[in-house]
Amino acid sequence: MNAYEIAHQLSQLTTNQQRKQFINKMVDKLASITGRTVVKQEIAIDERFGNTNFLLLSNDPNPLLISAHYDAFLIGEETTTPGANDNGSGIGALCEVASKLFHLPVDFVFFGGEEIGCKGAKEYLKLNTKTIRGIVNLDTCGSGGNLGLLVPEIVHVNYYELKKTDDALNQTFIQSAIEIGLPIHRDDVLATGDHGPFLEAGIPATTLQGEDLDFFGIVDGEYVPEKMIMHTPEDTIDWVDEEFLSKVVKVLINGVESLNLDH
């Protein structure tokens, strides 16, 4: 499993229905590699937005979650952006990590419906019966552009309320990034995503993202829509830096292994 190649393949798809089919095959492939159980959760949304969650489960009742959303932003009746960085990069990283960390008590979750209010994450929480020890969400992690790896201290949830991300998880991945020389940024309250519903539910959560201000169209701490690459047809594979994405995968693998989850 190679994160960059998976991001590239996803970016060539034009609808979320196609992305869902791609993830279905990818998760089944991972299940055959890892011996894991696959669970598919239907989300009560239109299929144009990615109406299924795909879970690659451990047998542990108290797992760490690693997640990413596969749906891309809708720009037509059914057509989406290429979504190479948002969020082909996160899906690619999740697949590669799952193929290497399946021996640990980690559940790997592929969410749908993120672009319309984290609907997949909210559905997961409604159905969940496990005691989640924490979640690491991967989103737009294909380019560190201006500032490197974002491990935010505080983020917006529901677009207005501020929540602190989990400091223990943050410090784990900050240390992992330092060890491979990856620049770290902490300050971006706009780093919303599927970690938000977990923070609202009181579950330890954080996110790893690339802090590329040009991609997000962030100027002076605010989104400027006319400068944004995210959510536009320009979100192609050119906005995924293969070396940076590979380093994010290493940060995640090394960080999770350092948590000693089996103890």
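Side-chain atoms are counted along with the backbone in the values below, which use heavy atoms only and exclude waters and symmetry mates. Computed from a prediction, not measured in an experiment: that's the story for all the values here.
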Exercise. Test side-chain hydrogen bond (donor to acceptor under 3.5 Å, both in side chains) on Asn170 and Thr206 and set out the steps.
Key: CA-CA 7 Å; Asn170 289 338; Thr206 194; 2.4 Å; yes
Quiz item: Any chance NZ of Lys29 has more than 12 other-residue heavy atoms, nucleotides or ligands included, within less than 6.0 Å?
Solution: no
Self-check item: Residue pair Leu56 / Val27: nearest heavy atoms and the distance that separates them
Solution: CD1-O, 4.1 Å
Practice problem: Give a yes or no on whether the backbone of Thr131 and the side-chain of Asn62 come within a donor-acceptor separation of less than 3.5 Å. | Solution: yes
Quiz item: Run the side-chain hydrogen bond (donor to acceptor under 3.5 Å, both in side chains) check on Gln175 and Glu179 step by step: do they pass?
Solution: CA-CA 6 Å; Gln175 183 58 40; Glu179 288 172 358; 3.3 Å; yes
Quiz prompt | Heavy-atom side-chain proximity of Ile135 to Leu64 below 4.5 angstrom | solution = no
Practice problem: State yes or no: do Leu30 and Phe102 share one hydrophobic cluster built from I, L, V, M, F, W and Y residues joined by side-chain heavy-atom distances below 4.5 Å, directly or via other members? | Solution: no
Quiz item: How far does CH2 of Trp239 sit from CD of Glu234, to the nearest 0.5 angstrom?
Solution: 9.0 Å
Exercise. Spell out, as yes or no, whether a donor-acceptor pair under 3.5 Å connects the side chain of Asn53 to the backbone of Gly120.
Key: yes
Exercise. Any chance you could measure Cys95, atom SG, to Ile91, atom CD1, to the nearest 0.5 Å?
Key: 6.0 Å
Exercise. Report yes or no: does Tyr4 contribute a side-chain atom to a donor-acceptor pair with the main-chain N or O of Gly142 at less than 3.5 Å?
Key: no
Self-check item: His195 side chain vs Pro197 backbone, donor-acceptor pair below 3.5 Å
Solution: no
Self-check item: Heavy-atom side-chain contact between Gln17 and Glu78 under 4.5 Å
Solution: yes
Self-check item: Side-chain donor or acceptor of Arg186 paired with backbone N/O of Val151 under 3.5 Å
Solution: yes
Quiz prompt | Atom of Asp194, atom of Asn137 and distance for their closest heavy-atom approach | solution = N-ND2, 3.5 Å
Self-check item: Within one Ile-Leu-Val-Met-Phe-Trp-Tyr cluster: Ile6 and Leu101, side-chain cutoff 4.5 Å
Solution: yes
Quiz item: Between Thr15 (side chain) and Thr79 (backbone), is there a donor-acceptor pair under 3.5 Å?
Solution: no
Quiz prompt | Exercise: identify the closest heavy-atom pair between Gly193 and Cys118 | solution = O-SG, 3.3 Å
Quiz item: What distance separates Glu211 CD from Cys141 SG, expressed to the nearest 0.5 Å?
Solution: 13.0 Å
Self-check item: Leu138 with Ile180, same ILVMFWY side-chain cluster at under 4.5 Å
Solution: yes
Report all side-chain donor-acceptor pairs from residues 241-256 shorter than 3.5 Å, counting only partners two or more places apart or in another chain.
| unit_1 | atom_1 | unit_2 | atom_2 | d |
| --- | --- | --- | --- | --- |
| Asp241 | OD1 | Glu243 | N | 2.9 |
| Asp241 | OD1 | Phe244 | N | 3.0 |
| Asn254 | ND2 | Lys250 | O | 3.4 |

Quiz item: For Arg48, does its backbone N or O pair with a side-chain atom of Asn16 as donor and acceptor, under 3.5 Å?
Solution: yes
Quiz item: Which is it for Glu96 and Lys100 under the salt bridge (charged side-chain N to carboxylate O under 4.0 Å, His left out) test, yes or no, and what are the steps along the way?
Solution: CA-CA 7 Å; Glu96 185 169 342; Lys100 296 176 179 177; 3.1 Å; yes
Quiz prompt | Centroid-centroid under 6.0 Å between His69 and Phe111 rings | solution = no
Quiz item: Would Leu57 end up clustered with Leu65 when hydrophobic side chains under 4.5 Å apart are linked, directly or stepwise?
Solution: yes
Exercise. Output, in order, the C-alpha distance, side-chain angles, deciding distance and verdict of side-chain contact (heavy atoms from CB on, under 4.5 Å) for Leu162 and Val155.
Key: CA-CA 6 Å; Leu162 292 173; Val155 296; over 6 Å; no
Practice problem: Applying side-chain hydrogen bond (donor to acceptor under 3.5 Å, both in side chains), run through Gln209 and Thr207 and close with a yes or a no. | Solution: CA-CA 6 Å; Gln209 302 185 13; Thr207 183; 3.2 Å; yes
Quiz item: Do any N or O atoms from the side chain of Asp71 and from the backbone of Glu115 form a donor-acceptor pair under 3.5 angstrom?
Solution: yes
Quiz item: So do the side chains of Ile218 and Val224 get within less than 4.5 Å of each other, counting heavy atoms only?
Solution: no
Practice problem: For the residue pair Asp212 and Asn146, establish whether any side-chain heavy-atom pair is separated by less than 4.5 Å. | Solution: yes
Quiz prompt | Lys20 side chain reached by Phe54 side chain, heavy atoms, under 4.5 Å | solution = yes
Quiz item: In Å and rounded to the nearest 0.5 Å, what is the CG to NE2 distance from Leu149 to His185?
Solution: 11.0 Å
Quiz item: Of all heavy-atom pairs between Asp60 and Pro105, which one has the smallest distance, and what is that distance?
Solution: OD2-CB, 3.4 Å
Quiz item: Has Lys40 got more than 12 heavy atoms of other residues, nucleotides or ligands less than 6.0 Å from its NZ?
Solution: yes
Quiz item: So which heavy atom on Arg19 is nearest to which on Thr80, and how close?
Solution: NH1-OG1, 2.7 Å
Quiz item: Should Thr236 and Pro82 count as side-chain neighbours, where that means a heavy-atom distance under 4.5 Å?
Solution: yes
Self-check item: CA sep, side-chain torsions, deciding dist, call: Leu10, Asn87, side-chain contact (heavy atoms from CB on, under 4.5 Å)
Solution: CA-CA 9 Å; Leu10 269 175; Asn87 188 30; over 6 Å; no
Quiz prompt | Shortest non-hydrogen contact from Ile237 toward Ala84 | solution = N-CB, 3.4 Å
Quiz prompt | Tyr70 with Ile45, same ILVMFWY side-chain cluster at under 4.5 Å | solution = no
Practice problem: Evaluate side-chain contact (heavy atoms from CB on, under 4.5 Å) for Met1 paired with Ile33, printing each intermediate quantity in order. | Solution: CA-CA 10 Å; Met1 294 279 174; Ile33 293 170; 4.0 Å; yes
Quiz item: To the nearest 0.5 Å, what is the distance between OG (Ser143) and CG (Asp238)?
Solution: 11.0 Å
Quiz item: Ignoring hydrogens and geometry, is there a side-chain-to-backbone donor-acceptor pair from Asp107 to Leu55 under 3.5 Å?
Solution: no
Quiz item: Taking it one step at a time, do Asp86 and Phe73 satisfy side-chain contact (heavy atoms from CB on, under 4.5 Å)?
Solution: CA-CA 8 Å; Asp86 183 18; Phe73 190 77; 5.6 Å; no
Quiz prompt | Heavy-atom donor-acceptor pair, Asp235 side chain to His231 backbone, under 3.5 Å | solution = no
Quiz item: Are the side chains of Asn51 and Glu42 in touch, meaning some heavy atoms are under 4.5 Å apart?
Solution: yes
Self-check item: Check ion pair Glu161-Lys163 (N to O, under 4.0 angstrom)
Solution: yes
Quiz item: So do the side chains of Asp214 and Ile229 get within less than 4.5 Å of each other, counting heavy atoms only?
Solution: no
